[in-house]
Asks: 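Before anything else, here's the structure in question.
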Amino acid sequence: MTTLFGIPLQALFGQVLIGLINGSFYALLSLGLAIIFGLLNIINFAHGALYMLGAFAAWVLLNYLGVNYWGALILAPFIVGVLAVVMEQHMLRRIYKLDHIYGLLLTFGTALLIEGVFRNQFGISGLAYPIPDQLQGVQNLGFIFLPNYRAWVLVASIVICIATWFLIEKTRLGSYLRAATENPKLVQAFGINVPLMITLTYAFGVGLAALAGVMAAPIYQVSPVMGSNIIIIVFAVVVIGGMGSIVGAIVAGFGLGLIEGLTKVFYPEASNTVIFVVMAIVLLFKPTGLFGRAA
């Protein structure tokens, strides 16, 4: 059996795949966080709970309404996005001019409330969500067996990340959004409804989290704690990439997922902390993150 540094190549490639899958969710979640912070200046600690709501929305749609996975990919982000609109208009809008700590505390409390309700209703043991029939099975690549569903998650997340980057950075709508964060009064003078743009931006960022939740449901069990288990890592990813940086969120998400996967092969004891070690090193040499810019 072929080995690298004493590690069988099949095991090495398997961990690389797992790392990239985890990185897919890190990238999608941190991308939503980066959009919300970069364009709204809100540290959205409720992001993990909203990711969990996306997974539960898919589970409820399937088990109570018979809506399959493909329908849930559209409906779950829309449902959670509507909740985000309510949150933005009735909660977050009141604190935009206050210090960042108020947004963090408000969204942290909201996350605890949402998680508590679902813990009380569903417990914490987790609920199974089936892989859609079209994505069952595996592909034999010669050096590894690649599950079709995991390949779909990886490809879909890359496409979504690139499309989001293009929308924000390369389109007129994206330029309006960026301008509205710098000088909202000037943008509003051109007849653009800035409050509506801000609301829809928050809903879009939250919708990315909910979409990640739907995609995660067949891989991980749908559980009220799935959001709290990942949100700290995602915040570390955002900090490493640079707060508010779209490119940073994507690159750091996939890169750190890969580093985490490789660490499980070469030094498993450090796999749970390697992301935070990387964060400390990055902040030591570049406090604004890899792609962040000084204020």
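Only heavy atoms go into these numbers, but all of them, side chains included; no hydrogens, no water, no symmetry mates.
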Asks: More than 12 non-hydrogen atoms from neighbouring residues, nucleotides or ligands closer than 6.0 Å to CG on Leu105, yes or no?
Replies: yes
Asks: Determine whether Val225 and Glu115 make a side-chain contact, defined as any pair of heavy atoms from C-beta on separated by less than 4.5 Å.
Replies: yes
Asks: Does any donor atom in the side chain of Thr199 or Arg93 lie under 3.5 Å from an acceptor atom in the other side chain?
Replies: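 Looking only at side-chain atoms, Arg93 and Thr199 do form a donor-acceptor pair, the distance falling under 3.5 Å.
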Asks: Evaluate the side-chain contact (heavy atoms from CB on, under 4.5 Å) criterion for residues Ile36 and His47: first the C-alpha distance (whole Å), next the side-chain angles of each, then the deciding distance (0.1 Å), finally the verdict.
Replies: CA-CA 10 Å; Ile36 292 170; His47 215 63; 4.0 Å; yes
Asks: How many angstroms lie between atom CG of Leu62 and atom CG of Asn68, to the nearest 0.5 angstrom?
Replies: 8.0 Å
Asks: Could you pull out all residues at least two apart from Phe108 that satisfy ring pair (Phe, Tyr, Trp, His ring centres under 6.0 Å)?
Replies: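 Per chain and number, Phe108 pairs via ring pair (Phe, Tyr, Trp, His ring centres under 6.0 Å) with Phe45.
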Asks: Can you confirm whether Ile250 sits close enough to Leu31 that some side-chain heavy atom of one is under 4.5 Å from a side-chain heavy atom of the other?
Replies: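 Yes, at least one pair of side-chain atoms sits under 4.5 Å.
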Asks: Do Ile275 and Ile259 come within less than 4.5 Å of each other through their side chains, counting heavy atoms only?
Replies: no
Asks: Assigning hydrophobic clusters by single linkage (Ile, Leu, Val, Met, Phe, Trp, Tyr; side-chain heavy-atom cutoff under 4.5 Å), is Leu208 placed with Ile74?
Replies: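 Different hydrophobic clusters.
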Asks: Quick one: are Asn22 and Ile233 in side-chain contact, heavy atoms under 4.5 Å?
Replies: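 They are not in side-chain contact.
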Asks: Does one hydrophobic cluster hold both Phe276 and Ile240, with members joined at side-chain heavy-atom distances below 4.5 Å?
Replies: yes
Asks: Could you work out, with ring pair (Phe, Tyr, Trp, His ring centres under 6.0 Å) as the rule, every residue matching Tyr220, not counting sequence neighbours?
Replies: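 Scan of Tyr220 (ring pair (Phe, Tyr, Trp, His ring centres under 6.0 Å), adjacent residues dropped) gives Phe25.
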Asks: Is there a path of hydrophobic side-chain contacts, each under 4.5 Å between heavy atoms of I/L/V/M/F/W/Y residues, joining Ile18 to Val138?
Replies: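 In one cluster with Val138: Ile18, no.
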Asks: Check the pair Thr164 / Ile35 against side-chain contact (heavy atoms from CB on, under 4.5 Å), numbers first and verdict last.
Replies: CA-CA 10 Å; Thr164 301; Ile35 290 171; 3.5 Å; yes
Asks: Any idea which heavy atoms bring Tyr69 and Pro132 closest together, and the distance?
Replies: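 Looking at all heavy atoms of both residues, the shortest contact is CD2-CG, 3.6 Å.
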Asks: Taking all non-hydrogen atoms of both residues, which atom of Ala111 and which atom of Ala46 are closest, and how far apart?
Replies: CB-CA, 3.8 Å
Asks: Is it the case that the side chains of Asn148 and Gln139 hold a donor-acceptor pair, with the cut-off being a distance below 3.5 Å and no angle test?
Replies: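 Per modelled atom types, Gln139 and Asn148 side chains form a pair under 3.5 Å.
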Asks: Which atom names give the shortest non-hydrogen contact between Gly54 and Val214, and what distance separates them?
Replies: O-CG2, 3.5 Å
Asks: Indicate yes or no: at least one non-hydrogen side-chain atom of Tyr51 is less than 4.5 angstrom from one of Leu28.
Replies: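 No, every pair of side-chain atoms sits at 4.5 Å or beyond.
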Asks: Decide whether Leu106 and Val86 are clustered together by the hydrophobic rule: side chain heavy atoms of Ile, Leu, Val, Met, Phe, Trp, Tyr closer than 4.5 Å, transitively.
Replies: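 The answer is no; the residues belong to distinct hydrophobic clusters.
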Asks: Leu258 vs Phe254, test: side-chain contact (heavy atoms from CB on, under 4.5 Å). Steps then yes/no.
Replies: CA-CA 6 Å; Leu258 184 59; Phe254 283 104; over 6 Å; no
Asks: Output yes when a side-chain donor or acceptor of Gln136 lies under 3.5 Å from a complementary backbone atom of Ile131, and no otherwise.
Replies: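 Side chain of Gln136 to backbone of Ile131, a donor-acceptor pair under 3.5 Å: yes, one is there.
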Asks: Would you say that Val80 contacts Phe56 through its side chain, given a criterion of any heavy-atom pair below 4.5 Å between the two side chains?
Replies: no
Asks: Before you tell me yes or no, could you show the steps for Phe37 and His100 under ring pair (Phe, Tyr, Trp, His ring centres under 6.0 Å), namely the whole-Å CA-CA distance, both residues' side-chain angles and the distance that decides it to 0.1 Å?
Replies: CA-CA 10 Å; Phe37 181 80; His100 291 318; 5.7 Å; yes
Asks: Do the rings of Trp70 and Trp152 sit parallel, tilted or perpendicular, given the 30° and 60° boundaries?
Replies: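 Geometry flag for Trp152 against Trp70: perpendicular rings.
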Asks: Taking all non-hydrogen atoms of both residues, which atom of Ala203 and which atom of Val85 are closest, and how far apart?
Replies: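 That closest heavy-atom pairing would be CB-CG2, 3.9 Å.
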Asks: Give a yes or no on whether Leu98 and Met91 share a hydrophobic cluster (residues Ile, Leu, Val, Met, Phe, Trp, Tyr; joining criterion: side-chain heavy atoms under 4.5 Å apart).
Replies: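 Same hydrophobic cluster.
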Asks: Roughly how far, to the nearest 0.5 Å, is CG of Leu290 from CG of Leu283?
Replies: 9.0 Å
Asks: Please step through side-chain contact (heavy atoms from CB on, under 4.5 Å) for the pair Leu65 and Val60, ending with a clear verdict.
Replies: CA-CA 7 Å; Leu65 299 177; Val60 169; 5.7 Å; no
Asks: Rounded to the nearest 0.5 Å, how far apart are CD1 of Ile231 and CE of Met52?
Replies: 11.5 Å
Asks: Return the minimal non-hydrogen interatomic distance between Val153 and Met215, and the atom names on each side.
Replies: O-CE, 3.7 Å
Asks: Using atom types as modelled and distance alone, determine if a side-chain donor or acceptor of Thr107 lies under 3.5 Å from a backbone N or O of Ile43.
Replies: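 Answer holds: yes.
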Asks: Nearest 0.5 Å, what's the OH-CG distance between Tyr26 and Leu20?
Replies: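 The distance works out to 12.0 Å.
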Asks: Any side-chain heavy atom of Leu200 sitting closer than 4.5 Å to one from Phe204?
Replies: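 A side-chain contact is absent here, since even the closest heavy-atom pair is not under 4.5 Å.
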Asks: Rounded at 0.5 Å granularity, tell me how far CD1 in Ile198 sits from CG in Asn193.
Replies: 9.5 Å
Asks: In Å and rounded to the nearest 0.5 Å, what is the CD1 to CD1 distance from Ile246 to Ile162?
Replies: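 These two atoms lie 13.5 Å from each other.
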Asks: Heavy-atom distance under 4.5 Å between the side chains of Thr288 and Ser245, does that happen here?
Replies: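 They are not in contact (no side-chain heavy atoms under 4.5 Å apart), so the answer is no.
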Asks: Does any N or O in the side chain of Ser30 come within less than 3.5 Å of the main-chain N or O of Ala249, such that one atom is a donor and the other an acceptor?
Replies: yes
Asks: Of Val238, Leu33, Asn41, which is the lone residue that meets side-chain contact (heavy atoms from CB on, under 4.5 Å) with Met243?
Replies: Val238
Asks: At their closest point, which heavy atom of Ala217 faces which heavy atom of Tyr129, and how far apart are they?
Replies: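 Shortest heavy-atom contact: O-CB, 3.7 Å.
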